Peer 1: 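Here it is: the structure, laid out below.
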2 protein chains.
Amino acid sequence: MSDLDDIRDRLRAAILRGTYAPRQRLIETELAEEYRASRFLVRNALIQLASDGLVELQPNRGARVREISVPEAVEITEIRQAVEGLVARRAAELITDEEIAELQAIGEGLAEAVSQGELLRYSDLNATLHSRIRDIAQHATATRIIEQLNAQLVRHQFQLSLLPGRPAVSLPEHLAIIDAVCSHDADGAERAMRTHVGGVAGTISTLDPQGRPVDQEPAW
Amino acid sequence: MSDLDDIRDRLRAAILRGTYAPRQRLIETELAEEYRASRFLVRNALIQLASDGLVELQPNRGARVREISVPEAVEITEIRQAVEGLVARRAAELITDEEIAELQAIGEGLAEAVSQGELLRYSDLNATLHSRIRDIAQHATATRIIEQLNAQLVRHQFQLSLLPGRPAVSLPEHLAIIDAVCSHDADGAERAMRTHVGGVAGTISTLDPQGRPVDQEPAW
DNA sequence: GTTCGCAAGATCGTTGACAATCCTGGTGAC
DNA sequence: GTCACCAGGATTGTCAACGATCTTGCGAAC
């Protein structure tokens, strides 16, 4: 439980939370003061976050929050499509009765959230669903890679479920995934997951034709 | 071009080359002396290699070369199957006439190497083929992930092409991939690649039922 | 008015030393 | 003979200071 891990996690959380804007410079001395840590610790934390792909590290020029362009987000989502497809297949093969009940409960929650317009709850349950499916699939390598990729595009994903009409499209897709996984239909589960994540990729690619991220001032 | 990158790359190369055995402890002061670098640089290099999955980092207990078990190698190969399938599809869509000629030349080289029993040349051309297909697909994220995964199982892969009878199985698979990619057959390319890498996964899983890596003393 | 060069400030890169932690081997009690 | 305990050494974790590099703003030459 070293301080290094601590500050790295806090910094990561701050970046994911949007405390620092993309392309914003992360100055070691400032961060050191902010987190009451030595510059040394900040520095090592930045190195770690850089190999996670969250910050960009230029020699002698410091660190900045890495900006994920829309094309890059699409690429990332394409990989997710392939890997999550594999995960869904495995989940369908391995799921237990107990877990089936759990997934179905999540499905009901999703439908409820959409019908009542609770977008944030929908977004949360969405993340929970994908995460639980990964747990069920018991594929450590896939889980690691998906989480690594997800961390890089939280910002894009976040905006996704707030798009008007988006839940109406993705809800049936989610339910189809749940159905297939719960009925031990490996082929169907892979297909449903690929369709779903493929849709996400498509939606992301329409966000901004210029290839630049949607740059509205964050309200938080 | 900082020294940090330099020593990290040299350390990585050394691990991949087998200079340090799996599970071997990597002591910071020793490495620092060996590479004529400060302990600080070594330390940060180790942190980066840890997030690449090449070394294992335990707090207060130092670093050791990560050992990839056979089940883990299978997992990694399963991911490769999914991602390289995607890459092959993209390559089939994007390939130019010039690149078609190049791939076909590689195919002839592979056949020749097998017929003349040149296992090492076959193994090299194999790596070249996969690498060139990645180049053609122009998918930076996929390339990054595949290379990250490959780095983790060089040892297993290395032994694979030396297995008796293995080239006889994998040569036609490789030729099928080349055919499909060169004829702009996206579906076929994905299918052929998935079949091929799936075969690799299957072969790896037979290496040692105990789930421990094959532990023969390296001859180098 | 523009461009180039230079100097000052800001920031990163590296070092060596010290503190904290863990592992090892030996000693003694039971 | 076995176990708990406790040095002492080995190794990692952290720090503050110094040196290297880059950026910025000013001024002079054209």
Side-chain angles (χ1 to χ4, degrees), chain A residues 1-16 18-68 151-152 215, chain B residues 1-68 151-152:
Chain A
M1 198 85 63
S2 79
D3 292 347
L4 204 175
D5 295 340
D6 183 47
I7 187 173
R8 182 202 53 202
D9 293 342
R10 285 203 290 158
L11 237 178
R12 167 185 286 131
I15 292 174
L16 296 185
T19 307
Y20 309 106
R23 308 227 45 141
Q24 177 174 340
R25 287 194 58 189
L26 298 172
I27 293 163
E28 295 183 2
T29 50
E30 285 181 10
L31 295 176
E33 190 164 353
E34 198 170 336
Y35 292 95
R36 304 281 155 73
S38 73
R39 199 162 72 80
F40 173 90
L41 292 174
V42 171
R43 183 181 182 70
N44 274 348
L46 287 175
I47 290 178
Q48 291 195 39
L49 293 177
S51 46
D52 286 354
L54 263 95
V55 310
E56 209 168 359
L57 223 49
Q58 288 168 305
N60 286 314
R61 303 221 258 154
R64 47 181 68 224
V65 178
R66 196 156 96 87
E67 176 179 55
I68 305 280
Q152 294 180 22
D215 239 8
Chain B
M1 199 84 63
S2 79
D3 291 347
L4 204 172
D5 295 340
D6 182 47
I7 185 173
R8 183 202 52 204
D9 293 341
R10 285 202 290 157
L11 238 177
R12 167 184 286 130
I15 292 174
L16 296 185
R17 206 181 313 119
T19 308
Y20 309 107
R23 308 228 41 139
Q24 176 173 342
R25 286 195 59 189
L26 297 173
I27 293 161
E28 297 182 359
T29 50
E30 285 181 11
L31 296 176
E33 190 165 352
E34 197 172 333
Y35 292 95
R36 306 278 157 70
S38 73
R39 200 162 70 81
F40 172 88
L41 291 174
V42 172
R43 182 181 184 71
N44 280 339
L46 287 176
I47 290 177
Q48 291 195 37
L49 293 177
S51 56
D52 285 355
L54 263 87
V55 309
E56 210 169 357
L57 222 49
Q58 287 169 305
N60 286 314
R61 301 222 260 153
R64 47 180 67 224
V65 178
R66 197 155 96 87
E67 177 181 52
I68 306 281
Q152 293 179 24

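The figures here come from the full heavy-atom set of this structure, side chains too, leaving out hydrogens, waters and symmetry mates. Protein chains get the first letters and strands the later ones, always in sequence-line order, with residue 1 at the start of each. Note that the coordinates shown come from a computational prediction; the quantities given were computed from them, not determined experimentally.
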Peer 1: Return yes if some donor-acceptor pair links the side-chain N/O of A:Q152 with the main-chain N/O of A:D52 below 3.5 Å, else return no.
Peer 2: yes
Peer 1: Can you confirm whether A:L11 sits close enough to A:L46 that some side-chain heavy atom of one is under 4.5 Å from a side-chain heavy atom of the other?
Peer 2: yes
Peer 1: Under 4.0 Å: is that the gap between some side-chain N or O of B:S38 and OP1 or OP2 of C:dT14?
Peer 2: no
Peer 1: Quickly work out the B:E28 CD to C:dT15 P distance and round it to whole Å.
Peer 2: 14 Å
Peer 1: Starting at CG of A:N44 and ending at C1' of D:dC15, how long is that distance when rounded to a whole Å?
Peer 2: 12 Å
Peer 1: Using whole Å, report how far OH of B:Y35 lies from P of C:dT14.
Peer 2: 18 Å
Peer 1: Report, one pair per line, the protein and nucleotides 19-22 of chain C atoms (nitrogen or oxygen only) whose separation is under 3.5 Å.
Peer 2:
| unit_1 | atom_1 | unit_2 | atom_2 | d |
| --- | --- | --- | --- | --- |
| C:dT21 | O3' | B:N60 | ND2 | 3.3 |

Peer 1: Atom CZ of A:R39 to atom P of D:dA16: distance rounded to whole Å?
Peer 2: 12 Å
Peer 1: What are the two closest heavy atoms between A:L57 and A:A50, and how far apart are they?
Peer 2: CD2-CB, 3.9 Å
Peer 1: Would you kindly give the CG-to-P distance between A:D6 and D:dT14, to the nearest whole Å?
Peer 2: 10 Å
Peer 1: Rounded to whole angstroms, how far apart are CG on B:L26 and P on D:dT11?
Peer 2: 12 Å
Peer 1: Find the distance B:R43:CZ to D:dT14:C1' and express it as a whole number of Å.
Peer 2: 9 Å
Peer 1: Rounded to the nearest 0.5 Å, what separates atom CZ in B:R66 from atom CZ in B:R23?
Peer 2: 11.0 Å
Peer 1: Mind checking B:L46 for me? I need base, sugar-phosphate or nothing, with any heavy atom below 4.0 Å counting as a touch.
Peer 2: nothing
Peer 1: Check side chain to side chain contact (heavy atoms under 4.5 Å, CB included) between A:R61 and all other residues, then give those that pass, not counting sequence neighbours.
Peer 2: A:Q58
Peer 1: With DNA chain D as reference, determine whether B:R25 or A:A37 sits nearer its 5' end, using the nearest nucleotide of each.
Peer 2: B:R25
Peer 1: Examine distances only and state if a side-chain atom of A:R8 and a backbone atom of A:Q48 form a donor-acceptor pair shorter than 3.5 Å.
Peer 2: no
Peer 1: Among A:E28, A:E30, A:E33, find the one that has a side chain to side chain donor-acceptor pair (under 3.5 Å) with A:R39.
Peer 2: A:E28
Peer 1: Rounded to whole Å, please give me the gap between CG in B:L41 and C1' in C:dG13.
Peer 2: 9 Å
Peer 1: Indicate, with a heavy-atom threshold strictly under 4.0 Å, whether B:L57 touches base, sugar-phosphate, or nothing.
Peer 2: nothing
